Amino acid sequence: MTVASWNINSVRFRLDIVERFLREHAPDVLCLQETKVIDNDFPHAAFEALGYTYRLLNGQKMHHGVAMLSKLPLIEDRRYDWQDNGEARHIGARLPNGLLVENVYVPAGGDIPDTAKNPKFAQKLAFLERMTRWSANLREPTLIVGDFNIAPLESDVWSHKALLDVVSHTPIEVEHLARLAAAHDWVDLGRRFVPAPQRLYTWWSYRAADWKASDRGRRLDHIWASPAIADKATRFEIVEDARNWGKPSDHIPQLVELAL
DNA sequence: ATGACGCTCAAAGAGCGA
């Protein structure tokens, strides 16, 4: 089975490229972040037509929002609000084979990497801390995917030096992400298949004149597996070409195949 | 150092992304 993840930056505005991705890659499950739509306005019909019969939504007006679209039944759905502020950032479900899939959109954290000056940065770290406590108690094989908004390794960014003080690659965020990983011994499947320091990015800013030429990318999106199932992963793929599709998202989709 | 872009909506520019 394959599970994909994509920060789509408005599912309605980019419905055509989501459909293209599903036709060309046909994952069993697609986890979307930044759907930017309330549940009542979610474009169900397009996904129903492509066989994604099972849909789990956690949307809100204007910002954030996550969704899972699946060919397989989604059972035991759950949602988490790690900030306790009503933001729609995390849903999960169990698949018929027992696997838990969690889909998360970690807060970006604002501009200034200082918790005293920037409440959003403090919220981002608190979000990760709550996820860490949850991870520590997790006993079942789980795949967690999404936009973590942190590029942890030096080779996860176009310039480690230039981004050391830029939110997404600061040492304190990297430490928080490492503690989250350690709490469940999460296995970073992206780096298992594409070991550092090989180039592996999932996001390029809209603000570059030519994203490909400047290639100032960051690996903000991740797929992690419980240690018990990490060895079941047989394939990992990013679809970098999608950064050029139509009106593109600034993130690209990634997929993992599991022999479960 | 700055600003570059793009999406949403109380509909023009503010708020947000990262």
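Not measured: the values here are computed from a predicted model. Chain identifiers are assigned alphabetically (A, B, ...) following the order of the sequence lines, protein sequences preceding nucleic acid strands; residue numbering begins at 1 within each chain.
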If you compare every side-chain N and O of [X] against the phosphate oxygens of [N] (OP1, OP2), does one of them come in below 4.0 Å?
{"X": "A/R12", "N": "B/dC9", "value": "yes"}
{"X": "A/N9", "N": "B/dT8", "value": "no"}
{"X": "A/K120", "N": "B/dG15", "value": "no"}
{"X": "A/Y105", "N": "B/dC16", "value": "no"}
{"X": "A/S10", "N": "B/dG6", "value": "no"}
{"X": "A/H169", "N": "B/dA18", "value": "no"}
{"X": "A/N149", "N": "B/dA18", "value": "yes"}

*asked:* At 4.0 Å (heavy atoms only), tell me whether A/D210 reaches a base, stays on the sugar-phosphate, or touches nothing.
replied: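 Since no nucleic acid heavy atom lies under 4.0 Å of A/D210, the category is nothing.
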Could you tell me whether A/D41 contacts a base, only the sugar-phosphate backbone, or nothing, with contacts defined as non-hydrogen atoms closer than 4.0 Å?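 It contacts nothing in the nucleic acid.
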- Query: If you check every side-chain atom of A/N7, which of B/dA18, B/dT8, B/dG17 has the closest atom?
  - Reply: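 Ranking B/dA18, B/dT8, B/dG17 by closest atom to the A/N7 side chain puts B/dA18 first.
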> If you check every side-chain atom of A/K36, which of B/dC9, B/dA18, B/dC7 has the closest atom?
Replying inline: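 It is B/dC7.
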Gap in Å between the two [atom1] atoms, one belonging to [N] and one to [M], rounded:
{"N": "B/dA10", "M": "B/dC16", "atom1": "P", "value": "15 Å"}
{"N": "B/dG15", "M": "B/dA1", "atom1": "C1'", "value": "23 Å"}
{"N": "B/dA4", "M": "B/dA14", "atom1": "P", "value": "14 Å"}
{"N": "B/dA12", "M": "B/dT2", "atom1": "P", "value": "31 Å"}

Pair of N/O donor and acceptor under 3.5 Å linking B/dG6 base with A/R14 side chain:
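Not at all, since no donor on one side and acceptor on the other fall under 3.5 Å apart.
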On a plain distance test, is the side chain of A/D111 in donor-acceptor contact with the base of B/dA18 below 3.5 Å?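 Checked by distance alone, the answer is yes.
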Rounded to the nearest angstrom, tell me the gap between atom CG in A/D114 and atom C1' in B/dA18.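 Taking CG of A/D114 and C1' of B/dA18, I get 17 Å after rounding.
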Notebook entry, point to check: Over how many whole Å does the gap from A/H63 atom NE2 to B/dA18 atom P extend?
Noted result: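 Computing the A/H63:NE2 to B/dA18:P distance gives 11 Å.
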Taking NZ, NE, NH1 and NH2 as the nitrogens, is one of them in A/D210 or A/R216 under 4.0 Å from a carboxylate oxygen of the other?
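The answer is no: the pair does not qualify as a salt bridge.
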Margin query: What I want to find out is whether A/E24 reaches A/R20 closely enough, with some N-O distance under 4.0 Å, to be called a salt bridge.
Written below: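 Result for this pair is yes, salt bridge flagged.
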message = Apply side-chain contact (heavy atoms from CB on, under 4.5 Å) to residues A/V104 and A/F127 and explain how you reach the verdict.
response = CA-CA 11 Å; A/V104 64; A/F127 188 104; 3.8 Å; yes
key: Centroid separation A/F47 to A/F42 less than 6.0 Å   =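 Centroid separation for A/F47 and A/F42: below 6.0 Å.
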> Is the A/F21 ring parallel, tilted or perpendicular to the A/W245 ring (thresholds 30°, 60°)?
Replying inline: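 A/F21 vs A/W245 ring planes: tilted.
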When the nearest nucleotide of DNA chain B is assigned to A/G110 and to A/S205 on a heavy-atom basis, which residue is associated with the more 5' position?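 The 5'-side residue here is A/S205.
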